[in-house]
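The chains referred to below are lettered A, B, ... by the order of the sequence lines, with proteins before strands, and numbering in each begins at 1.
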2 protein chains.
Amino acid sequence: MVTIASVAEIASLAGDPARASMLLELMDGRALTSGELARAANVAPQTASGHLAKLAKAGLVTIRAQGRHRYHRLASARIAEMLESLMKVAAESRGASALRTGPRDANLRAARTCYDHIAGRLGVALADSLVERGHVVLDDESATLTNSGAAFFARLGLNAPDETPLTCRPCLDWSERRSHLAGRLGAALCRHCLDQGWVRRSRDSRALSVTPSGMAAFDKLFGVVRGTDSRPWRLKA
Amino acid sequence: MVTIASVAEIASLAGDPARASMLLELMDGRALTSGELARAANVAPQTASGHLAKLAKAGLVTIRAQGRHRYHRLASARIAEMLESLMKVAAESRGASALRTGPRDANLRAARTCYDHIAGRLGVALADSLVERGHVVLDDESATLTNSGAAFFARLGLNAPDETPLTCRPCLDWSERRSHLAGRLGAALCRHCLDQGWVRRSRDSRALSVTPSGMAAFDKLFGVVRGTDSRPWRLKA
DNA sequence: GCGATAGTTCGGCGGCGGCCGTAACGTTCC
DNA sequence: GGAACGTTACGGCCGCCGCCGAACTATCGC
């Protein structure tokens, strides 16, 4: 059974500011070293190391040693979903919003990864495109791929690694407050975009940058083009 | 924005065993008094009062005063979803399972509410029935009502309170480790069962008991009948 | 009114746990 | 081999927070 103690233990692991920083930093699915995470959490390396050991012991993160580095990543998509739902509650708990600024945030808002799929303006614009074309039915709590959508993605040559069906789910995002596409379909689409070189991961953050070939592809396939500073990606009218 | 501190704060609220007990006790959507919650958490009333004040201040629970009682309930379905995802992670974190016994647990496993929908064996059996008849497509991460399903529920006279579409989502449950039906459809179905007197809430727990008229209705409409002790509800072959 | 019950507030105790200094250990690079 | 970097281990400090005893407030029933 799921004991109360075990639930409390998981929650309290995420309940420490330093550990929460690290977990959120890992939310994009990258593998980061202890040093990077220590800097992100603003604590000494030894402290970070201790935290990471606890997180690993509880199964929240996995560690892969490589050379003199140890790479840490979230152990599963479920962990990311849990953090996501904590963020949702945190967002509506306080007076919320308190909109933010700064160039780094602007890049994040434009396009970023959310564990394994694309979020931010770009993620929302892509989802809007799929909805408008009838490929996906989307609302706050459910998302469904239509027949035309299945055909569309098959034409794209985008398949699940194994033969599991490409289901999807909505993901309500903090920056856009709109649902975008997550689940296996969202992950496959994100992977495809990276594989094709349409987007590139930024070096030290969750932000994604769109390459020239990506701009062409997004325009041609999704009707998604560059917009204004406040809406960096939008659906062509 | 969602600050790291606010995420950590929410998580640490759920990270204390006493508060976690109370929150999980409220998972079925009932409104409980401070005293009941104090007993559930095994702490003195003053302690519970302090915890509940914190939970209320953070917006996790709402308090309604009525006479000399103060009724507490989860503030929203989002809070319940957050707790649900914490339970999922807790379940797979430890060696998991550690199956459980006791008559109280047996009742809970048979049928209970999970915030606003039906869970336990009964919930899974109902979901199985809907899937088998092609009314719903269900997997781990997505759930969709089919046309025949929409017609079926319309015949049942089961509608959303307002005219929002009856979408649904899967809910992976700790006792059955199977997906069952949540979301607006799950909530509407649960409400319908209660309204029709097919099930009744137990007095002091999340358990549901099925009435004689409920047995007839579940058999006729869903092909769900009483089974063995270990599988109290099952689909008629 | 008065006692009984439900609930909150206050104060002080006690312990857990996060933090860093120091130091040892392991790996990598030159 | 030795220096540099990164991670791990230990010890002690400090602060936060959960806990309960006791006192205070509010509501109900007679």
| note | Rounded to whole Å, CG of A:Leu32 lies from P of D:dG6 at a distance of 14 Å
| field | Option among B:His72, B:Arg39, B:Arg70 that satisfies the side chain to side chain donor-acceptor pair (under 3.5 Å) test with B:Ser34 | value | B:His72
| request: Please indicate whether A:Arg226 has more than 12 foreign heavy atoms, meaning atoms of other residues, nucleotides or ligands, lying under 6.0 Å from its CZ. | output: yes
| Can you tell me if the side-chain N/O atoms of B:Ser34 get under 4.0 Å from OP1 or OP2 in C:dT8? | yes
| query | Between the two end axes of the helix from C:dG1-D:dC30 to C:dC30-D:dG1, each built from 5 base pairs, what angle do you get to the nearest 10°? | reply | 30°
| task | Any chance you could list the contact pattern along nucleotides 24-30 of chain D? Use B for base contacts, S for sugar-phosphate-only contacts and - for none, protein heavy atoms under 4.0 Å, 5' to 3'. | result | ---BS--
| task | Could you tell me the separation between the CG atom of B:Leu55 and the C1' atom of D:dC17, rounded to a whole number of Å? | result | 14 Å
| Nucleotide D:dG6, atom P - distance to CZ of A:Arg64 in whole Å | 18 Å
| task | Nearest whole angstrom, please: distance from the P of D:dC16 to the CG of B:Leu13. | result | 17 Å
| task | Give the rounded distance in Å between these two atoms: CD1 of A:Ile63 and C1' of C:dG26. | result | 16 Å
| message | I need the CD-P distance between B:Glu9 and D:dC17, as an integer number of Å. | response | 10 Å
| said: If you compare every side-chain N and O of B:Arg70 against the phosphate oxygens of C:dT8 (OP1, OP2), does one of them come in below 4.0 Å? | reply: yes
| note | Taken to the nearest whole Å, CG/A:Leu52 to C1'/D:dG6 is 13 Å
| request: Report, as a single string ordered 5' to 3', how protein heavy atoms within less than 4.0 Å touch nucleotides 15-21 of chain C: B base, S sugar-phosphate only, - not at all. | output: ---SSBB
| query | Under the salt bridge (charged side-chain N to carboxylate O under 4.0 Å, His left out) criterion, do A:Asp16 and A:Lys54 qualify, and how do the steps go? | reply | CA-CA 12 Å; A:Asp16 174 78; A:Lys54 286 185 193 179; over 6 Å; no
